[in-house]
Amino acid sequence: MNISESKRLFNEAQNFIPGGVNSPVRAFKAVGGNPLFIKKANGAYLYDEDGNQYIELINSWGPMILGHNHPMIREAVIKAMEEGTSFGAPTAKEVEIAELIVSMVPSVEKVRMVNSGTEATMSAIRVARGYTGRDKFIKMEGHYHGHGDSFLIAAGSGAMTMGDPDSPGVTKGTAKDTLLAPYNNLEAIEKLVEANRGEIAALILEPVPGNMGLCLPNEGYLQGLRDICTREGIVLIFDEVMTGFRLAKGGAQELFGVTPDMTTLGKIIGGGMPVGAYGGKKEIMEFVSPSGPVYQAGTLSGNPIAMAAGLTMLNHLNSHPEVYTRLNEIGQKLTDGIGKVNQELGLDYTINLLGSMYSLFFTNEEIHDFETAKKANTGMFGKYFQAMLHRGVYLAPSQFESLFLSTALTDELIETIVTAHKSSIQEIHKNQ
Ligand SMILES: *Cc1c(COP(=O)(O)O)cnc(C)c1O
C-alpha cells in the first residue's frame, strides 16, 4: 500500500499543527503508523491522498449514518449556500429543526442549537446548575462529554486512548465539583448522593457509552438512575451526542423507555456539518438566556448551511423508520460474521453490539464499565487495526471507541469485511 502522500502531509502537518491533527483521535498514536489524509468520501468508502480506497466503519465518528456524500444532503447544502452562508439573525430553518427535534426526542420540549457536542454538554451543565442552584455534578468513569474542563476527569475517547483521562490545565477548583462514579453501578450513585445530599445539580452520562468502547446498560440501570434523580431533585442528563438519532430516531431514551430531564445532541444532528444541541423540559430550558438568566450564546449557532444539512438528515430519519431496521440488520450480520470466524479459530473475544454500534474487544472478559474495558489488549488491537487497514478496511484507530455503521453497507460489503477480519485475525495470531 503506497501512502507516501499521507506521510509527506503528516510530516508537514507536524510542523504547524500540534501532533499534526486537529483532533487527537485522528492520530494513529495508539495503533502505530501514519494517519491517512483523506481526499474524499462516497457511500461506504474513504479515499486517501494516494488514491487508496477503504471501506470504513467510523463514518466521521457517527454523523454519516446514511453513508458519505449523500446526494440529498449535498443538494440541500448547495441550495442553502446560494442564499448566503451566515446571517447572525433568526431563520425559518431554525424553527423547523427545533420543532422536528422536539417531535423526535422524548425528553426535549425546548431546544437550543450550538456548534458542537462539547458546547452542548458544557451548556447543559451550566443550565442544570442555574436551575438547581447547586454546584456539583456526577459523571461516569470513561464517559466522554467533549473537552469542557469539568468533563476531563476520567474521560473516555481520545483522552483514554492517549493515556490522559485527567487533563492538565483543569484547575483543582473545577475538578472538585465533578463527582466520579463507575457506570452500571447504582449503589455507587446512592453513596455519592448520600455524601453530597442537596449539593448535586446534575447527573450526566452516555446512556449507552461508546467512548470506552461500546458498553451496554444493565437491566434496570437507566430507570434506577431516573428514580434516584427524581427523588433527589437532580437533573438527569443523557448525553446522546453519539446515540441520538442512531439507536432509534429518539435515541437511547426512546429505545430504553427512560426519559431524562435534559439531552445533549451532536454528530448526526448536523448531517456532517458542525452542529450540536441541548434541550429538555420547558421549565429547565426557560432558564436559558434571553428567556432566563443562564447565559449561553453563539455567533454561528443555527448557521443556515449547517441547519440545511441537519434538517435534511433528520427529516429523512424521521420519515424512514426502515433505516433503523436495516441498520440493526447490518450490525447483526456483521458481528455474527465476525463472531463466527472467531469461534472457528477458537477465539472468544468480546463483541458488544447495539443497533449500528459495536466494539470488538481483545479480551474474553465481559466489558461493562471503565475498569473492565481497560482489560482489553490494546497491543493486539493495534495489530488488528493495521492488518484490517492493509486489507482496505478502515477502523477507528483505538480499542476504546465504538464503530458506527451506515446504510451504505451492502450485504456484499459485509462479506468483504468479514473476510478481511478472518485473514487479519489469523495473521495477528500467527505472528504472536
Ligand atoms: C463526540 C461526543 C461529544 C463531543 O462532541 P464534539 O462535537 O466532538 O464536541 C460529547 N459527548 C459524546 C457522547 C460524544 O460522543
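What you see is a predicted model; the values in this text were computed from it and never measured. Quick note: numbers below take in every heavy atom, side chains included, and nothing from hydrogens, waters or symmetry partners. Just follow the structure's listing: the first ligand is 1, and inside any ligand the first atom is 1.
- Heavy atoms of Asn211 found under 4.0 angstrom from ligand 1 belong exclusively to the side chain.
- If you look at Phe370 and Phe400, their ring centroids are not closer than 6.0 Å.
- In this structure, Tyr54 and Tyr394 have perpendicular ring planes: the angle between them is above 60°, well past the 30° mark.
- Remark: Lys40 qualifies as a cation-pi partner of Tyr47 under the 6.0 Å distance and 45° angle criteria applied to the six-membered ring.
- Listed by first and then second residue, the side chain to side chain donor-acceptor pair (under 3.5 Å) pairs that reach into residues 59-76 are Glu56-His68, Asn69-Arg74, sequence neighbours excluded.
- The distance from ligand 1 to the heavy atoms of Ser116 drops below 4.0 Å at these ligand atoms: 7 (O), 9 (O).
- Counting the atoms of ligand 1 from 1 in the order shown, those under 4.0 Å from a heavy atom of Met242 are 15 (O).
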Donor-acceptor list for residues 94-101 side chains, cut-off 3.5 Å, not counting sequence neighbours:
from: Glu94; atom 1: OE2; to: Thr91; atom 2: N; distance (Å): 2.8
from: Glu94; atom 1: OE2; to: Thr91; atom 2: OG1; distance (Å): 2.7

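- Closest protein heavy atom to atom 9 (O) of ligand 1: Thr118 OG1, 2.6 Å.
- The N/O atoms of Glu206, backbone and side chain alike, include none that comes under 3.5 Å of an N/O atom in ligand 1.
- Counting protein heavy atoms only, atom 1 (C) of ligand 1 is closest to Lys267 NZ, 1.6 Å.
- For His421 and Tyr384, the gap between ring centers is short of 6.0 Å.
- Ranking the protein heavy atoms by distance from atom 11 (N) of ligand 1 puts Asp239 OD2, 2.7 Å first.
- Contact atoms of ligand 1 toward Gly146: 3 (C), 4 (C), 10 (C) (distance under 4.0 Å to a heavy atom of the residue).
- For atom 5 (O) of ligand 1, the closest non-hydrogen atom of the protein is Gly117 CA, 3.2 Å.
- Of the options Thr118, Asp239, Thr121, a side-chain hydrogen bond (donor to acceptor under 3.5 Å, both in side chains) to His145 is made by Asp239 and by none of the others.
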